[in-house]
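Indexing begins at 1, ligand by ligand and atom by atom, following the structure's order. Just so it is clear, the structure is predicted and the values come from calculations on it, not from any experiment.
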Amino acid sequence: MKDRPIGVFDSGVGGLTCAKELLRLVPGENIIYLGDTARMPYGVNTKETLARYTNDDVEFLQRKGVKLVVAACGTVSSNVPAAQIKNLSVPFIDVITPTISAAVKATKNKRIGIIGTPATIKSGSFASRLKMFDKDIQTVSNGCPQLVTLVQEGYIDEDNFILNSVCKEYLAPIKAFGVDTLILGCTHFPIISKVIQNIMGNDVTLIDSGYETALEVKKILEMLKLERTQPRDRVEYYVTSQPEEFDRVANIFLGDGSDAKAILTDIKD
Ligand code: DGL
C-alpha cells in the first residue's frame, strides 16, 4: 500500500498549487495528477454535474492504483461530499478544513475574505465553516470565474494588464470590507498570488488552499503510516484535452526547470 502513488485532481492547472508543495514536502511520494481540462471550468456547474465529474476523476485515479485521493479543487471540495463518491476505497482529502484552520490562525481582526469560483461561493462552504470555528468571524466573499480562465490560458504574468484589471474589479469589495486575511479558495488563484497581494497590500495574509492541503496530506500520510520511504521515481500528469496548454502553464508555475509533459486521456480509458 505504502508504495502506491498519491492521486491529485482538479479541473486544470489549479491542483498544481497542491502538487508543487507535495513534490517538496513528501519527497518519496509518487504522484498521479489529473486535470479534467476538457470539462473546465468546474466552478459554473450544478452540484449534480460536479458529483458526476468527481466520480469520473476519482474512478480514473483509483484505476491507477492510488493510495489516497486529493480533491485539489475548491469547487469539488465545496460541493461534493465524500459520501457521494461511489466505490471510494482510499482516504479522500479536500481543501476546506486545512484552509479554514490556517485562516483562523492568521486573522487578528476576525475579518476574512474568500474568493473562489461561483459554485464555491454559492455553497457557503468556507464562510459557514469559519463561523463554526469562531462565531465572531465576519466574512466577505466574491466569485471570480474569469480568473480561472485567465490562469488556465496562461495570463499569469505579474504585470499583465488584463489580469490586473480583472483582479482589481473582483477584489474591490473584499478590500473595502477591511479584511486582514484572504482565502484563495480556488486552487487556480495561488498561481497569481503576487498580483492579488499587490492589490490587497502586504498587511493582508493570503491563505493558499493548495499549500495548506499539501501540508494536510503529509500529516495524514504520517498518521496512517502510509509514507513511502524510497526516493520518488514517478510523477505523471494526465489531462482530458490540450496537453500543450497545460504543459506551458505547468512548467512556468512549477519552475526549477520542470519538464511536465501531460498525457492525453479521456478518463474512461
Ligand atoms: N481550481 C478549481 C477550484 O479550486 C476549479 C476551477 C474551475 O474549474 O472553475 O475551484
Handout entry: Within 6.0 Å of CG in D233, more than 12 heavy atoms from elsewhere
Key = yes

Practice task
Take the angle between the ring planes of F60 and Y238 and call it parallel below 30°, perpendicular above 60°, tilted in between.
Solution key: perpendicular

Exercise for the section: Please step through side-chain contact (heavy atoms from CB on, under 4.5 Å) for the pair K131 and R129, ending with a clear verdict. Expected result: CA-CA 5 Å; K131 283 267 182 212; R129 296 277 290 281; over 6 Å; no

Handout entry: Test item: T181 and N109 side chains (from C-beta on) under 4.5 Å apart, heavy atoms
Key = no

Handout entry: Contact with ligand 1 for C73, non-hydrogen, under 4.0 angstrom
Key = yes

Fill in the blank from the handout: A student checking ligand 1 against T75 at a 4.0 Å heavy-atom cut-off should list atoms 3 (C), 4 (O), 5 (C), 10 (O)

Practice task
Return the residue, atom name and 0.1 Å-rounded distance of the protein heavy atom closest to atom 7 (C) of ligand 1.
Solution key: Y42 N, 3.2 Å

Problem - Atom indices of ligand 1, in the order listed, that fall short of 4.0 Å to a heavy atom of V148 - result: 6 (C), 7 (C), 8 (O), 9 (O)

Practice task
Decide if atom CD of E227 counts as having more than 12 heavy atoms of other residues, nucleotides or ligands within a radius under 6.0 Å.
Solution key: yes

Problem - Protein residue, atom and distance nearest to atom 3 (C) of ligand 1, heavy-atom basis - result: G74 N, 3.2 Å

Fill in the blank from the handout: Looking only at protein heavy atoms, what sits closest to atom 9 (O) of ligand 1 is G43 N, 2.8 Å

Exercise for the section: From the options L34, L16, I31, select the one residue that forms a side-chain contact (heavy atoms from CB on, under 4.5 Å) with Y237. Expected result: L16

Handout entry: Crowding at NZ, K47 (>12 non-hydrogen neighbours, <6.0 Å)
Key = yes

Handout entry: Over 12 foreign heavy atoms within 6.0 Å of CG, D136
Key = yes

Practice task
Enumerate the atoms of ligand 1 whose separation from the nearest heavy atom of T117 is less than 4.0 angstrom.
Solution key: 6 (C), 9 (O), 10 (O)

Practice task
Say whether T120, considering both its backbone and side-chain N or O atoms, lies within less than 3.5 Å of an N or O atom on ligand 1.
Solution key: no

Handout entry: Within-cut-off N or O pair, C186 and ligand 1, under 3.5 Å
Key = no

Handout entry: Nearest protein heavy atom with distance in Å, relative to atom 2 (C) of ligand 1
Key = D10 OD1, 3.1 Å

Exercise for the section: Name the closest protein heavy atom to atom 5 (C) of ligand 1, giving the residue it belongs to and the distance to 0.1 Å. Expected result: S11 OG, 3.4 Å

